[in-house]
2 protein chains.
Amino acid sequence: MGRVREFDEEKVLDAAMQLFWEKGYEATSLSDLTSRMGIQRPSIYSAFGDKKELFETALRKYTSSRASETRTRLQTHQSVREAFRAFFENVVDEEYSDSPSRGCFCINTMVELAPHDEKFEILTREHQMYLAVIFQETIERGIQSGELASDTNAKALSQALIVSLIGLTVMLKSRPDRSFVNNSIEVTLTLLR
Amino acid sequence: MGRVREFDEEKVLDAAMQLFWEKGYEATSLSDLTSRMGIQRPSIYSAFGDKKELFETALRKYTSSRASETRTRLQTHQSVREAFRAFFENVVDEEYSDSPSRGCFCINTMVELAPHDEKFEILTREHQMYLAVIFQETIERGIQSGELASDTNAKALSQALIVSLIGLTVMLKSRPDRSFVNNSIEVTLTLLR
DNA sequence: GTTTTAACATACCGATCGGTACACAAAAAA
DNA sequence: TTTTTTGTGTACCGATCGGTATGTTAAAAC
């Protein structure tokens, strides 16, 4: 053993995640990273590899925490309809209070990197698929409880809701009127019958 | 008057549009632009200003042609339901045949630039609002003809469809199964009742 | 034909990019 | 205490970035 690390690997990774989330891959420079992470370049490279590897590690950290947060949020409501309403409205509130609006790190990456890098095409697709499964389980719970019609196609419905969630998240980046956003959520939630 | 331009301004602007559409703002370099547009740097600067101005001009060209194309597509079907189905399915087909999938230039810009540049926040928002109006007019046509229920909230519904369209376009960048995409479209179109 | 005007191509600018060589500092191993 | 190992900070690498100065060429104006 030699000298011990002076920085907390989780903390500096989190700082990198915040930065990539906010600015994307290309627009984030190594200088941005060193100042935000509070460590020097060689420390980044020895701990996380090059810029792309660091980005991937940060994104994986994001998706895994985002997935478990999503599961938790949807479980904290008895009513499935209320659960989805609260979930969507929370997305809106966060986006309006964030300035600049960061949106979803995974969605940002789908747009910026997925079309040109198969690794991120797969990573982002699998995250969305995973979220769809969480949605589906929630819908199935609603069917079980009798809140939703028994002939509901849980899988197809969950996929449509994921698509709407993505669209909502992206749309919010242009800061549309609240009424636009509220209308779309209201209409979309009528799918839960 | 001095020497006349040797290049077609519309053609080279179109080339720039294709490139920005495919790679985004940051990832497109001036060298990429000169080689794709077939003209030298000073010609770009004299004809279109700096990189950001050229990008904005290219995006405006895109949104205006995209809007009129959308209106045309929705008008070519008697049935409003069929019009929207064909419209959504066309988006899917184009995305799957494009490699890499370019998605929508305006949506790409919403994600990359809108959060950090008010000019593009406004420009992209207004394009989406304009598309929403086109959707709304189409829905109102369906109400008039009796195809859609008379108590349909055309505005709210059009906004929800825009959100789904954005979500679909973004989701396609991760190349999900056709079944995922078909399911979401099928469910979303049940909103047209 | 001469002058004037503007587009052309080349070659270059300083700044910044991602990435690393190297010397020094610190802590474990001997 | 000495040796070995590994992290840290500095200073630098070549490449590329967006943008421009400059000299040349071509066409309109006279």
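Below, read A as the first sequence line, B as the second, and so on, with proteins coming before strands; counting in each chain starts at 1.
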Quiz prompt | Connected via hydrophobic side-chain network under 4.5 Å: B/Ile166 and B/Phe120 | solution = no
Practice problem: Give a yes or no on whether the ring-centroid distance for B/Phe55 and B/Tyr62 is below 6.0 angstrom. | Solution: no
Exercise. Mark yes or no for a side-chain to base donor-acceptor pair under 3.5 Å between A/Arg5 and D/dG7, with no hydrogen or angle criteria applied.
Key: no
Quiz item: Roughly, in whole Å, what's the span from CD1 in B/Ile44 to P in C/dA7?
Solution: 15 Å
Practice problem: Identify which nucleotide among D/dT8, C/dG19, C/dC17 has an atom closest to any side-chain atom of A/Phe7, counting heavy atoms from C-beta outward. | Solution: D/dT8
Quiz item: Hey, is the side chain of A/Ser31 poking within less than 4.0 Å of OP1 or OP2 on C/dT16, counting only N and O atoms?
Solution: no
Quiz item: Just wondering, more than 12 heavy atoms not from B/Lys155 lying within 6.0 Å of its NZ?
Solution: no
Self-check item: Among C/dC17, D/dT20, C/dA9, the one nearest B/Arg41 by side-chain distance
Solution: D/dT20
Self-check item: Distance in angstrom units between A/Met37 CE and D/dG9 P, rounded
Solution: 13 Å
Exercise. Let me know the distance between OH of B/Tyr45 and C1' of D/dA21, rounded to the nearest Å.
Key: 14 Å
Practice problem: Answer with yes or no whether the hydrophobic clustering places B/Ile143 together with B/Ile162; edges join I, L, V, M, F, W, Y residues whose side-chain heavy atoms lie under 4.5 Å apart. | Solution: yes
Quiz prompt | Distance, rounded to the nearest Å, where A/Phe48 contributes CZ and C/dG19 contributes C1' | solution = 17 Å
Quiz prompt | Atom pair CZ (A/Arg73) and OG1 (A/Thr70), whose distance is rounded to the nearest 0.5 Å | solution = 8.0 Å
Quiz item: How is A/Thr34 classified with respect to the nucleic acid when contacts are heavy atoms under 4.0 Å: base, sugar-phosphate, or nothing?
Solution: nothing
Practice problem: Assign each of A/Pro42 and A/Glu26 to its nearest nucleotide of DNA chain C by heavy atoms, then name whichever residue's nucleotide is nearer the 5' end. | Solution: A/Glu26
Self-check item: Distance, rounded to the nearest Å, where A/Leu30 contributes CG and D/dC12 contributes C1'
Solution: 14 Å
Self-check item: Spacing between B/Leu54 atom CG and D/dG19 atom C1', to the nearest angstrom
Solution: 14 Å
Quiz item: Quick one: B/Leu33 CG to D/dT20 P, roughly how many Å, whole number?
Solution: 15 Å
Quiz prompt | Nucleotide D/dT16, atom C1' - distance to CG of B/Asp32 in whole Å | solution = 11 Å
Quiz item: Between B/Arg3 and B/Asp50, which is nearer to the 5' end of DNA chain D once each is assigned its nearest nucleotide?
Solution: B/Asp50
Quiz item: Heavy atoms under 4.0 Å, any strand shown: does B/Ser46 hit a base, just sugar-phosphate, or nothing?
Solution: nothing
Practice problem: Assign each of B/Glu6 and B/Tyr25 to its nearest nucleotide of DNA chain D by heavy atoms, then name whichever residue's nucleotide is nearer the 5' end. | Solution: B/Tyr25
Quiz item: Is the distance from OP1 or OP2 of D/dG7 to the nearest side-chain N or O of A/Ser43 less than 4.0 Å?
Solution: no
